[in-house]
2 protein chains.
Amino acid sequence: MPEPRESRAGQPPTLRDVAERAEVSAMTASRVLRNDPRVLPATRDRVRAAAAALGYRPNEVARSLRLGRGTGLVGLVVTNLANPFYSRLALGVDSVVAADGLKTVIGNTGQDLDGERDLVADLVARRVDGIIAVPAGSDHRHLAAAADGGVPVVLASRPPEGFDADCVLVDDFGGAREATARLLSRGHRRIGFLGSPPAVHTGTERLRGYTAAHADAGLPADASLVRQGQTEPAAAEHAATQLLALPDPPTALFCSNNRNTIGAFRAIRATGTDTALAGFDDFELADALGLPLTLVDYDSDELGRTAGRLLVERIRERRGEDERQTEGVAAYRRVVMPTGLVEYGS
Amino acid sequence: MPEPRESRAGQPPTLRDVAERAEVSAMTASRVLRNDPRVLPATRDRVRAAAAALGYRPNEVARSLRLGRGTGLVGLVVTNLANPFYSRLALGVDSVVAADGLKTVIGNTGQDLDGERDLVADLVARRVDGIIAVPAGSDHRHLAAAADGGVPVVLASRPPEGFDADCVLVDDFGGAREATARLLSRGHRRIGFLGSPPAVHTGTERLRGYTAAHADAGLPADASLVRQGQTEPAAAEHAATQLLALPDPPTALFCSNNRNTIGAFRAIRATGTDTALAGFDDFELADALGLPLTLVDYDSDELGRTAGRLLVERIRERRGEDERQTEGVAAYRRVVMPTGLVEYGS
DNA sequence: CTGTTAGCGCATTCAT
DNA sequence: ATGAATGCGCTAACAG
């Protein structure tokens, strides 16, 4: 003998609570609240009043389950949110997807490859509508699995390995080549390289650009001046200090990302040499360091926004698929962001 | 005449798919997958094999709905993720809640007060397990509503207004007073103030500290040297430039946050004066600006982690509540992070 | 225009 | 040790 459903305090009101209060069926209440026009205006008002009185908000969890679509969430997989590159990416992504009513779930992996696998699996289990990832390693099977499972995946700043997906890249090779060429054109012949671990795609592409610039100029690139593996400024500073302490030290350094550039800057300042400095990624206060500085610049906000747009398109496509015929996936897209050089300093 | 459920390609496998493949009931499969011991080892293995073969992952949406608890998501409400203060906060929060299997949903409001209201309501509708917020304004009714609705709320860097909740604060008043006092002790008598809009709690507290330091020293604080309302470095630079252009300009500036400090730095450098500079918040490269700089420092990562911990405790408390008696909420906690001064520069 | 039936995927309760 | 029934909150698909 079920009691007449009392809206228990503490528990959020359900559709049925609203329906009972308005003395209609749950279905009618549902229609009103989703603005289905096929309801008598008088009834509509009663339901609306009841919902307002109860402070009713539809349970999105139940809604997701029933509708079978996703949850309106987008997963964002990055290695280190404290790095301004990633936080700007996150902001760019969020600004675009939010316009489609989607929210962003962040997954910060901190370089942990296994963690990234679990994270992606968990996002899929949570039925996110899509995933934007900057994978830490070059093994992308976990992302491939997600994509196979029907979850749209967009990669940012790295191309997919071993599967197909949309991606937004930066012209890593071209930018690095151009910056290195500029150092060479200024007469530098021994140029050190500081970069991320070899497994990171951008790092190796940027190293390729550095090497290519040397080849373009008909000059050798001295492998003993290449230091890869630094992820944080402290490590980069250490590596740079080592390079500057060589018997025949480099007269210039090229760094593959902002973490390494900052570390190298500190090393140069500390040793008091007048080593020239160039690097990939612009960063706040780069103009204020009192040192000449050549940076490879690109629109990092736009990178995030583009990733967001690519994902939103795929999500829309998937939503439509139910109604239309399954017409195969549109070709995967690869957007490459151009780079430019900026000069800072005295 | 229902077909024997074929695991349709593209659609993720369900518990029933696993059960059929293992030739058991859905219930048994469910038990196995949740490590319920009351299953025959042989059956257990069959189910596990079937799940592995199908790549089964439980649908977390359905799980949430059934269990009636939250979704394992934590909402994080901030105004600007591009500001390193907020991205560090996000990282600190995420690192703590992730240890409890929770994921962080970011909501970036960009100072939009209405947007913040909607965002919070949406997070509640999505059944997040809790919310950590740095509200943009001083009207906290939307947060109060969430808290009333049974969603634990923790405020970071601002105290709750008009309702009760846990919060983590920085010693805004004390830090600002100390920094201003230091400027005064160096003989500065005209100290400008640059800060966020008056509605921002931290800004007004820090202004109070600035004023108190003057009072402590028995000196007047000249209201005409106070500029509030700057949110970004460009605006701060503009305001600082105005101050420095006064007939009787300040000989020192105190800034209520890193955005204003950076703007003030640019203004000082551009005008070439030797104005002393102090500010709230440490920031990357503050040591490299070639200017003496006094900063109020605190552990901003710990701030995020503390907020995360407070929230996790509340969430655990709520989980337990079902089983135990409803024993009332533990008293709300207010953690204040201490500040210190750091000196940078030549 | 409104209500009834049914089920999304899973887990709790109660059988067997 | 296993299974059947039931319902979380919501909404399509069909009545009426």
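Computed from a prediction, not measured in an experiment: that's the story for all the values here. The sequence lines fix the lettering, A, B, ..., with proteins before strands; numbering per chain opens at 1.
Rounded to whole Å, the distance from CD on B:Q11 to P on C:dG9 is 8 Å. Counting to the nearest Å, the C1' atom of D:dC10 and the CG atom of A:D36 are 14 Å from each other. Computed from coordinates, the A:R16 CZ to D:dC8 P distance equals 6 Å when rounded to whole Å. Between B:R44 atom CZ and D:dA1 atom P the separation is 10 Å, expressed in whole Å. The distance from atom CZ of B:R57 to atom P of C:dG9 is 17 Å, rounded to the nearest whole Å. If you measure from atom CG of B:L67 to atom C1' of D:dG9, you get 14 Å, rounded to the nearest angstrom. Taking atom CG on A:D45 and atom P on C:dC1, their separation rounds to 14 Å, with Å as the unit. Nucleotide D:dG9 holds its P atom 12 Å from the CD atom of A:E20, rounded to whole Å.
Residue contacts for B:L40: at a heavy-atom cut-off of 4.0 Å it reaches the sugar-phosphate backbone alone, with no base atom in range. As judged by a 4.0 angstrom heavy-atom cut-off over every strand, B:R38 is placed among the base-contacting residues. Contacts of B:T43 with the nucleic acid, taken as non-hydrogen atoms under 4.0 Å apart, involve only primed sugar atoms and P, OP1 or OP2.
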- Message: Go through it in stages, so that I can follow the logic: the residues are B:V77 and B:L123, the test is side chain to side chain contact (heavy atoms under 4.5 Å, CB included), and I'd like the CA-CA distance, side-chain angles, deciding distance and then a yes or no.
- Response: CA-CA 10 Å; B:V77 180; B:L123 290 171; 3.8 Å; yes

- Task: Step by step, work out the side chain to side chain contact (heavy atoms under 4.5 Å, CB included) result for A:I315 and A:R319.
- Result: CA-CA 6 Å; A:I315 292 173; A:R319 280 188 192 139; 3.9 Å; yes

- Would you please test A:L81 and B:D94 for side chain to side chain contact (heavy atoms under 4.5 Å, CB included) and show each step? CA-CA 10 Å; A:L81 248 201; B:D94 190 60; over 6 Å; no

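A pairwise comparison of heavy atoms in B:G72 and A:R126 identifies O-NH2, 2.9 Å as the closest pair. Scanning all heavy atoms of the two residues, the minimum distance from A:V124 to A:I131 falls at CG2-CD1, 4.2 Å.
Among D:dT2, C:dG9, D:dC10, the nucleotide with an atom closest to any side-chain atom of B:V39 is D:dT2. Of the candidates C:dG9, D:dC10, C:dC8, D:dC10 carries the atom nearest the A:L15 side chain, counting heavy atoms from C-beta on.
Put simply, B:Y56 has no side-chain N or O that comes within less than 4.0 Å of OP1 or OP2 on C:dG9. Regarding contacts with the backbone of D:dT11, a side-chain N or O of A:R63 is found under 4.0 angstrom from either OP1 or OP2.
Residues A:D139 and A:E161 are not in side-chain contact: their nearest non-hydrogen atoms beyond the backbone lie 4.5 Å or more apart. B:Y86 is not listed as a side-chain neighbour of B:I106, based on a closest heavy-atom distance of 4.5 Å or more.
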Between the protein and nucleotides 3-7 of chain C, which nitrogen or oxygen pairs come in under 3.5 angstrom?
residue : atom : partner : partner atom : Å
C:dG3   : OP2  : A:S25   : N            : 3.0
C:dG3   : OP2  : A:S25   : OG           : 3.1
C:dG3   : OP2  : A:T28   : OG1          : 2.7
C:dG3   : N7   : A:R31   : NH1          : 3.4
C:dG3   : O6   : A:R31   : NH2          : 2.5
C:dG7   : N2   : A:R66   : NE           : 3.4
C:dG7   : N2   : A:R66   : NH1          : 3.1

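Residues A:R34 and B:L65 both approach DNA chain D. Their nearest nucleotides, taken by heavy-atom distance, put B:L65 toward the 5′ side.
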